[in-house]
Amino acid sequence: TISIVTIPTSIINATVLPTAICLGDSAQLTANGAIFYTWAPSAGMTATTGAAVYTHPVVTTVYTVTGTASNGCTAIDSVTLTINPPPNVLISPASPSICIGNSVSLTASGASTYTWLPAYGLNTVTGATVSANPLVDTTYTVTGTDVNGCKNTFTISITVNPLPIVVAATSDDTVCTGQTVTLSAVGAATYSWLPVIGLSATVGSIVTSTPASNISYTVTGTDGFGCINRDTISIVTIPTANINASVAPTSICLGDSAQLTANGAISYTWAPSAGMTATTGAAVYTHPVVTTVYTVTGTS
């Protein structure tokens, strides 16, 4: 006769908290029901023995614990730790460029909630879409959090372009009515002029103007980055002198002379010069040999 004594196997209970973690986080594995425990697999674990151990695997993992009781009997239990990947956070536009003083809308995607840093130049630091108007080149980082609480970041840099220095000039800022002046602009790539009154063209670095009265022109210059700046130039228009010319007598015999007179200005020039005793002055004498039309130019 032979007798066999059977010792009851220990009941091992294994747990993991939390049951799901984000990639890079850790969880605690615990077991009870025995006096000695061995865990497997070892990947990501801080220790493979003990009633409580920590682990941070990179993929979802099933952990098995083998418990040994004081009588030497063993039992096994297992738990599953789920690994949630980080959200794929992106920002658009990818490489924004603005002119100083302007703003750009930045939109993040791939997560549920978003936080932006730094706050400089932003209208808000939370939300999927923010408006940024920094005055200097600035790098922004958005942190996105998904429904599992997992986080990821994305970074972009905003380039801030200075405004062009647009300078307008005129060949003469004071003109008589009916005279034409040249307007020019430098400092940008393209130019447009307003108002259109008296202008030969509304685009170009050089245009001409024949103003009928005092007027101010504004030129808008745009550089290669699309940045805009303006300059204004004023033209004073002086009314033309009202010149009156007369001759006495209006008809003469060949060899005689007549007097030409003018008024309405301060200096006068006569033409043609043939037969004249002088070509300048308010009153001159002439004795032409043929019927002649005389023209006087008066300057106020």
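Only this structure's heavy atoms are used, side chains among them; waters, hydrogens and symmetry mates stay out.
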Check for a donor-acceptor pair, side chain of [X] on one end and backbone N or O of [Y] on the other, with a separation under 3.5 Å.
| X | Y | result |
| --- | --- | --- |
| Asn229 | Pro164 | yes |
| Trp116 | Gly127 | yes |
| Ser300 | Ala265 | no |

Least distance between heavy atoms, [X] atom then [Y] atom:
| X | Y | answer |
| --- | --- | --- |
| Tyr191 | Gly221 | CD2-CA, 4.0 Å |
| Ile252 | Ala258 | CG2-CB, 4.0 Å |
| Ala128 | Tyr114 | CA-CD1, 3.6 Å |
| Ile21 | Ser26 | CG2-O, 3.8 Å |
| Ser184 | Trp193 | O-CH2, 3.7 Å |

Next on the checklist: Just to verify, what does Tyr268 make a side-chain hydrogen bond (donor to acceptor under 3.5 Å, both in side chains) with, not counting sequence neighbours?
Outcome noted: none
Checklist entry - Ser105: what forms a side-chain hydrogen bond (donor to acceptor under 3.5 Å, both in side chains) with it, not counting sequence neighbours? => result none
For residues 231-243, tabulate all N or O donor-acceptor pairs below 3.5 Å that involve a side-chain atom, not counting sequence neighbours.
| residue | atom | partner | partner atom | Å |
| --- | --- | --- | --- | --- |
| Asp231 | OD2 | Ala168 | N | 2.8 |
| Thr232 | OG1 | Thr218 | OG1 | 3.0 |
| Ser234 | OG | Ser216 | OG | 2.7 |
| Thr237 | OG1 | Ser213 | O | 3.0 |
| Thr240 | OG1 | Thr177 | O | 3.0 |

Quick one: list whatever passes side-chain contact (heavy atoms from CB on, under 4.5 Å) with [X], sequence neighbours left out.
| X | answer |
| --- | --- |
| Ala283 | Gln259, Thr261 |
| Asp173 | Thr170 |
| Pro41 | Thr61, Tyr63 |
| Thr49 | Phe36, Thr38 |

Checklist entry - Please, which pairs that meet disulfide bond (SG atoms under 2.5 Å apart) have at least one residue in residues 240-300, sequence neighbours excluded? => result none
Item to check | Residue pairs involving residues 134-176 (criterion disulfide bond (SG atoms under 2.5 Å apart); sequence neighbours excluded) | outcome: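 Qualifying pairs: Cys22-Cys150.
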Checklist entry - Picking from Thr208, Asp172, Thr210, what satisfies side chain to side chain donor-acceptor pair (under 3.5 Å) with Thr180? => result Thr210
Could you check if a side-chain atom of [X] sits within less than 4.5 angstrom of a side-chain atom of [Y], using non-hydrogen atoms only?
| X | Y | value |
| --- | --- | --- |
| Met45 | Trp39 | yes |
| Thr202 | Ser192 | no |
| Tyr217 | Leu199 | yes |
| Pro195 | Ile215 | yes |

Checklist entry - Atom CG in Leu163, atom CG in Asp223: separation rounded to 0.5 Å? => result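 If I round to the nearest 0.5 Å, the distance is 8.0 Å.
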Would you give me the side-chain donor-acceptor pairs under 3.5 Å for residues 129-143, sequence neighbours excluded?
| residue | atom | partner | partner atom | Å |
| --- | --- | --- | --- | --- |
| Thr129 | OG1 | Thr107 | OG1 | 3.2 |
| Asp137 | OD1 | Val160 | N | 2.7 |
| Thr138 | OG1 | Val136 | O | 2.8 |
| Thr139 | OG1 | Ser157 | OG | 2.8 |
| Tyr140 | OH | Tyr120 | O | 2.4 |
| Thr141 | OG1 | Thr155 | OG1 | 2.9 |

Using atom types as modelled, flag every donor-acceptor pair under 3.5 Å from a side chain in residues 77-102 to any protein atom, sequence neighbours excluded.
| residue | atom | partner | partner atom | Å |
| --- | --- | --- | --- | --- |
| Asp77 | OD2 | Ala14 | N | 2.8 |
| Ser97 | OG | Asn161 | ND2 | 2.8 |

Checklist entry - Which hydrophobic side chains are connected to Leu254, either touching it within the sub-4.5 Å cutoff or through other members that do? => result Val289, Val290
